[in-house]
Amino acid sequence: MKTSTLAYRGLQAVSWLRDRADDISSAATHGWSHTALWLKATAVISGLATTALLLGWAGSLGLQAAHALPWPTQKVTDPTGLLATIDQPVRRYLNTHTAQLPVTATTAYALWQAIGALALVLGFCRSSGGRILWLLWGAFTVAAVFTTTPAPGREVATAITTLGWAALSLFALRGISLTPTALINVHVQAPPAPPAPQIHATIHVPHQAPAPPVLKPFDPQQPPSLN
C-alpha cells in the first residue's frame, strides 16, 4: 500500500514538472500574453530586484564620483573667486540645515554635486525629466546662496549664481524655444448642400377601349341603314 502511494505521488510530481516545462516552452512560443501566471510573477519580481540592485550600485558609484569632483577654492585654483562665491554658501547652508538630520553635510553636499552633474548631462541629452531636475537644482542653489551669503554681498552673490546657472542652462536646455508657435487658421468653406429632392406624384389611369357595337337581330321588314 505504501509503495503504491509513493509511486502515485512520484507520478504527480513528474506530471507537475512536465506541466511547468510545458509552460516555459509555450512562453517562448506564444509570447508574453499567453505566458503562465507564475512565470509572469517570477519575471516581474526578478526584474524589480535586479533594478533595485542596479540603482543601489549606480547610486553608490555616483556618490563616490561626486566626492571626487574638483571644486576649486579661492586660495588654491580659483583666482577669480567666482566658484567659491557659489560653493561656500551652499556648503554653509547644508552644514546648518543637516545638523538635526541623519544624513551628514558631506553626503548632502556630494548629493548636490551629483544631482547637478546628472541633471546637466540629461538636460543636454534633451531629457524632460533631466531638465525639470536641472531647474529644481538651480532654484535650490540660488536660494541657498541668497540665504547664506552675508547681507553686504548677498545681491552680488545671488546675481553671480544666477548668471552661472543661466550660462550652463544654454547646454542643459538646448533646443527649447520661447517663441510662440504660429497657428494658421485655414477656413475651408463647406460645399453647398445639395437641393432637396422634389417628389412629383403621377397617377396613370389606364385607357379604356371603346365598347363594341351592340348587334341587334336582323329584321327583314326594317329597311337597311345607310350608315
Side-chain angles (χ1 to χ4, degrees), residues 12-72 83 86-87 89-145 147-148 161-162 164-178:
Q12 284 185 329
V14 172
S15 177
W16 185 86
L17 291 176
R18 186 182 297 111
D19 292 339
R20 301 292 77 79
D22 292 339
D23 290 339
I24 296 175
S25 62
S26 63
T29 304
H30 301 289
W32 176 261
S33 59
H34 300 284
T35 301
L37 183 61
W38 71 273
L39 280 176
K40 294 181 179 179
T42 303
V44 170
I45 294 174
S46 301
L48 292 177
T50 304
T51 303
L53 292 176
L54 290 176
L55 289 177
W57 175 73
S60 62
L61 288 182
L63 289 177
Q64 293 176 4
H67 280 291
L69 287 177
W71 284 89
L83 292 178
I86 303 172
D87 181 66
V90 173
R91 285 178 180 268
R92 289 195 298 268
Y93 183 89
L94 294 176
N95 288 332
T96 303
H97 291 82
T98 56
Q100 304 299 326
L101 297 178
V103 64
T104 62
T106 304
T107 302
Y109 177 73
L111 184 63
W112 172 74
Q113 290 178 315
I115 290 177
L118 178 63
L120 180 61
V121 173
L122 292 179
F124 184 80
C125 297
R126 304 194 177 192
S127 170
S128 300
R131 288 174 174 177
I132 295 174
L133 185 62
W134 173 256
L135 295 176
L136 295 176
W137 181 86
F140 167 77
T141 303
V142 172
V145 171
T147 303
T148 313
T161 305
T162 304
W165 177 36
L168 292 177
S169 296
L170 296 176
F171 300 94
L173 305 179
R174 68 186 185 95
I176 295 181
S177 176
L178 299 180

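Hydrogens, waters and symmetry mates play no part in the numbers below; they use all other heavy atoms, side chains included.
Atom CG of Leu136 sits about 10.5 Å away from atom OG1 of Thr141, to the nearest 0.5 Å. Note that CG of Leu122 and CD1 of Ile115 are 11.5 Å apart. Values are rounded to the nearest 0.5 Å.
Closest approach of Leu120 and Ala172 over heavy atoms only: CD1-CB, 3.8 Å. Scanning both residues, Ser46 and Thr42, for their nearest heavy atoms gives OG-O, 2.8 Å. Nearest heavy atom pair, residue Ala105 against residue Asn95, reads CB-OD1, 2.8 Å. Considering every non-hydrogen atom in both Arg174 and Phe124, the closest pair reads NE-O, 2.7 Å.
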_Intermediate values then yes/no, side-chain contact (heavy atoms from CB on, under 4.5 Å), Val90 and Thr148_ = CA-CA 7 Å; Val90 173; Thr148 313; over 6 Å; no
_Show, in sequence, the C-alpha distance, side-chain angles and deciding distance for Phe140 and Trp137, and conclude whether the ring-ring contact (aromatic ring centres under 6.0 Å, His included) test is met._
CA-CA 5 Å; Phe140 167 77; Trp137 181 86; 8.4 Å; no
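At distances below 3.5 Å, not a single donor-acceptor pair connects side-chain atoms of Thr98 with backbone N or O atoms of Leu101. Between the side chain of Arg131 and the main chain of Leu173, no donor-acceptor pair closer than 3.5 Å is present. In this structure, the side chain of Asp87 does not engage the main chain of Leu83 through any donor-acceptor pair within 3.5 Å.
Between Trp134 and Trp165, the ring-plane angle classifies as tilted under the 30° and 60° cut-offs.
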